[in-house]
Number of protein chains: 2
Amino acid sequence: MPAEQRRESILSAATEVFGERGYVGATTDAVAKAAGVSQPYVVRMFGTKENLFLEVLHRALERLLATFRGVIAEHPDEVGCEPLAGRIGAAYADLLADRGLLLSLMQAFMLGADPVVGPAAREGFLQVYRLLREEAGFTPEQADQFLSHGMMLNTLVAIGMAGDYASDPRARELVDVCLPSKAPLVVALAKKPA
Amino acid sequence: MPAEQRRESILSAATEVFGERGYVGATTDAVAKAAGVSQPYVVRMFGTKENLFLEVLHRALERLLATFRGVIAEHPDEVGCEPLAGRIGAAYADLLADRGLLLSLMQAFMLGADPVVGPAAREGFLQVYRLLREEAGFTPEQADQFLSHGMMLNTLVAIGMAGDYASDPRARELVDVCLPSKAPLVVALAKKPA
DNA sequence: GTCTATACGGCGATAGAC
DNA sequence: GTCTATCGCCGTATAGAC
C-alpha cells in the first residue's frame, strides 16, 4: 500500500482511538491494531505519539472548519441571520457520525495544561470562534450559545449517555432535549459493538 | 496526623491533580507529592488509583449537589422561576474557585468508555440533571441551557483560555461573553504558578 | 514499506521496617 | 501511621532484517 494511503488509514484509526481513550490513555499499539499495522510502524511514520495526536487534532479542525465554510458558501445570503446558525448546528451534529472526530477535539481541549498540545488546542478553539464571528456573522452571544451547546453535545457523547441509559426516563429526556435531530444521532451516541 | 485528616488532604490534592492531568495522566506519585506524603501511602490508603479517583468524583459531586441545594433552600419561593437559575449559575461559577473540583468532574465525563468510571460518571451527571428538574423546578429546556453553559465553562477552564491568551482580542471577547462574573473567575481560569 | 525483537523508562502496587 | 526499597508490567521508541 502506498505510504500516503497508509497514512490516511492510520490517522483515521488514531482519531477513533484518541477520541475514545483520550491522549494519554490511547496507546500507539491500539492505533496500530485498529489500522492493521505494527506498533513500531505507527511510531516510525509519525515520529512520536505526540506528533500523531497533533496531526489528528489538526485534521479534525480542518474538517470542522471546512464543513462550516461549506454551509456558509451555500447560503451566503444568510450570513448574520438566525437560519444560518441552525444550518451550522445541524452540520456540527452530522460530524458526530464520524466517530472520534469531535471526541478527539474535545480530548484536546482537556489538555490545556500540556505544554505542547495546550497551545495547539487553544489556537484551534479560537479558529472556530473567529470563523463564527467573522465569517458566519454570529454575534458574541450567538457564538457563546452555539459553542455551549456544542460542548454539551461533545460531553454527552463522551460520557456515553445513550444505549442502556436510554431506559432511564430522565436520561432519555436529557438526550432528547439536547439533541437537535434525534434519529441519526442515537446511532452515533451508542457505543460501537467492538 | 490522624488518618481522617490525612485522608482529606490527599483527596484534596488528588482532586487538583486529576483535574489538571486527567485520570490516566495523573500519577499517584504526583498526588502524593502534592499532599506531602509518600506514593505507597496513597495507594495503601485508597487501595488503587481507580478507587481514589472514584472517591474524588463522588466527593466533587456531593459538593456540587450540596451547593445547589443550599441555594434552593435559601430561596424556596423561587423554585421554577428564572432568578433561581441565575443564582444556581452563579453558585456553579463560584465552585471554580476550588481548582480541580469541576475539572475532575469534567475529566470523569470524558471517561464514558471506562467500564468502571463510565457508569459512575453517567450516574453523577444524571443526579445533577434530576436535581435541576425535580428540585430546582427547571424545565427541560432550562436544564439544557444551564448544563450547556456549564460544559462550556468547564471546557474554557480546562483548555486554559486565559492568562496570555487574554491578549488576543477574540480570546478576550470569548471569555468575557461566556463568563458571568468576570473578576473572580479570571483568577480561577489563569494557570496557577506551580 | 513493513515487520520482529528489544531496550528503556515510568508507574502502580507490594513487602516489610520503624 | 508512614516510610524505603523494590517488583513487574506496560508502553514508547529504537535497531535492524526482509
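Proteins get letters first, then strands, A, B, ... in listed order; numbering begins at 1 in each. These figures come from a predicted structure and were not determined experimentally.
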*Asks:* Take Val24(A) and Pro2(B), find for each the nucleotide of DNA chain D with the closest heavy atom, and name the residue whose nucleotide sits nearer the 5' end.
*Replies:*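 Final value for this comparison: Pro2(B).
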
*Asks:* Quick one: pull up CG in Leu11(B) and CZ in Phe46(B) and give me the separation to the nearest 0.5 Å.
*Replies:* 4.0 Å

*Asks:* Rounded to whole angstroms, how far apart are CD on Glu50(B) and C1' on dG12(C)?
*Replies:* 12 Å

*Asks:* Can you figure out which of dT4(C), dG1(D), dT2(D) approaches the side chain of Arg44(B) most closely?
*Replies:*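 Selected nucleotide: dT2(D).
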
*Asks:* Between C1' on dG1(D) and CZ on Phe46(B), what's the gap in Å once rounded to a whole number?
*Replies:* 14 Å

*Asks:* Taking the side chain of Val37(A) as heavy atoms from C-beta outward, which of dG12(C), dC3(C), dT4(D) is closest to it?
*Replies:*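 Of dG12(C), dC3(C), dT4(D), dC3(C) is nearest to the side chain of Val37(A).
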
*Asks:* Under 4.0 Å between any heavy atoms, over every strand shown, what does Met1(A) touch: base, sugar-phosphate, or nothing? Just pick one.
*Replies:* sugar-phosphate

*Asks:* Rounded to the nearest Å, what distance is computed from the CD atom of residue Glu4(A) to the P atom of nucleotide dT2(C)?
*Replies:*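 In whole Å, dT2(C) P lies 12 Å from Glu4(A) CD.
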
*Asks:* Out of dA13(D), dA13(C), dC3(D), which has the shortest distance to the side chain of Val43(A)?
*Replies:*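 For the Val43(A) side chain, the nearest candidate turns out to be dA13(D).
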
*Asks:* Taking atom C1' of dT2(C) as reference, at what distance in whole Å does atom NZ of Lys33(A) sit?
*Replies:*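 Result: 16 Å.
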
*Asks:* Does a side-chain N or O from Arg6(A) land closer than 4.0 Å to OP1 or OP2 of dT2(C), or not?
*Replies:* yes

*Asks:* Under the 6.0 Å and 45° cation-pi test, does Lys49(B) pair with Phe18(B)?
*Replies:*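 Not satisfied by the 6.0 Å and 45° rule.
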
*Asks:* Tell me: CD of Gln39(B) to P of dC3(D), nearest whole Å?
*Replies:* 11 Å

*Asks:* Taking CG from Asn51(A) and P from dA13(D), how many angstroms apart are they, rounded to a whole number?
*Replies:*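 About 9 Å, once rounded to whole Å.
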
*Asks:* Run the salt-bridge test on Arg87(A) and Glu74(A) with the 4.0 Å N-O cut-off and return the result as yes or no.
*Replies:*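 Salt bridge absent between Arg87(A) and Glu74(A).
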
*Asks:* Heavy atoms only, 4.0 Å cut-off, all strands: where does Thr27(A) land among base, sugar-phosphate and nothing?
*Replies:* sugar-phosphate

*Asks:* Remember a base hit wins even if backbone is also touched, and classify Pro40(A) as base, sugar-phosphate or nothing at under 4.0 Å, heavy atoms.
*Replies:*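 Counting heavy atoms under 4.0 Å across all strands, the contact made by Pro40(A) includes a base.
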
*Asks:* Does the separation of the ring centres of Phe125(A) and Tyr165(B) fall below 6.0 angstrom?
*Replies:* no

*Asks:* Is the closest basic N to carboxylate O distance between Glu173(A) and Arg130(B) below 4.0 Å?
*Replies:*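 Result for this pair is no, no salt bridge flagged.
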
*Asks:* Base, sugar-phosphate, or nothing: which does Thr28(A) touch, judged by heavy atoms less than 4.0 Å apart?
*Replies:*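 Counting heavy atoms under 4.0 Å across all strands, the contact made by Thr28(A) is with sugar-phosphate only.
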
*Asks:* When you measure only distances, ignoring hydrogens and angles, does the side chain of Arg21(A) come within 3.5 Å of the base of dG11(D) through a donor and an acceptor?
*Replies:* no

*Asks:* Which whole-number value in Å describes the distance from Asp29(A) CG to dT4(C) P?
*Replies:*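 Taking atom P of dT4(C) as the reference, CG of Asp29(A) is at 11 Å.
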
*Asks:* Determine the contact category for Ala26(B): base if any of its heavy atoms lies under 4.0 Å from a base atom, sugar-phosphate if only primed atoms, P, OP1 or OP2 are that close, otherwise nothing.
*Replies:* sugar-phosphate

*Asks:* Figure out the CD/P separation between Gln5(B) and dT2(D), and round it to whole Å.
*Replies:* 10 Å

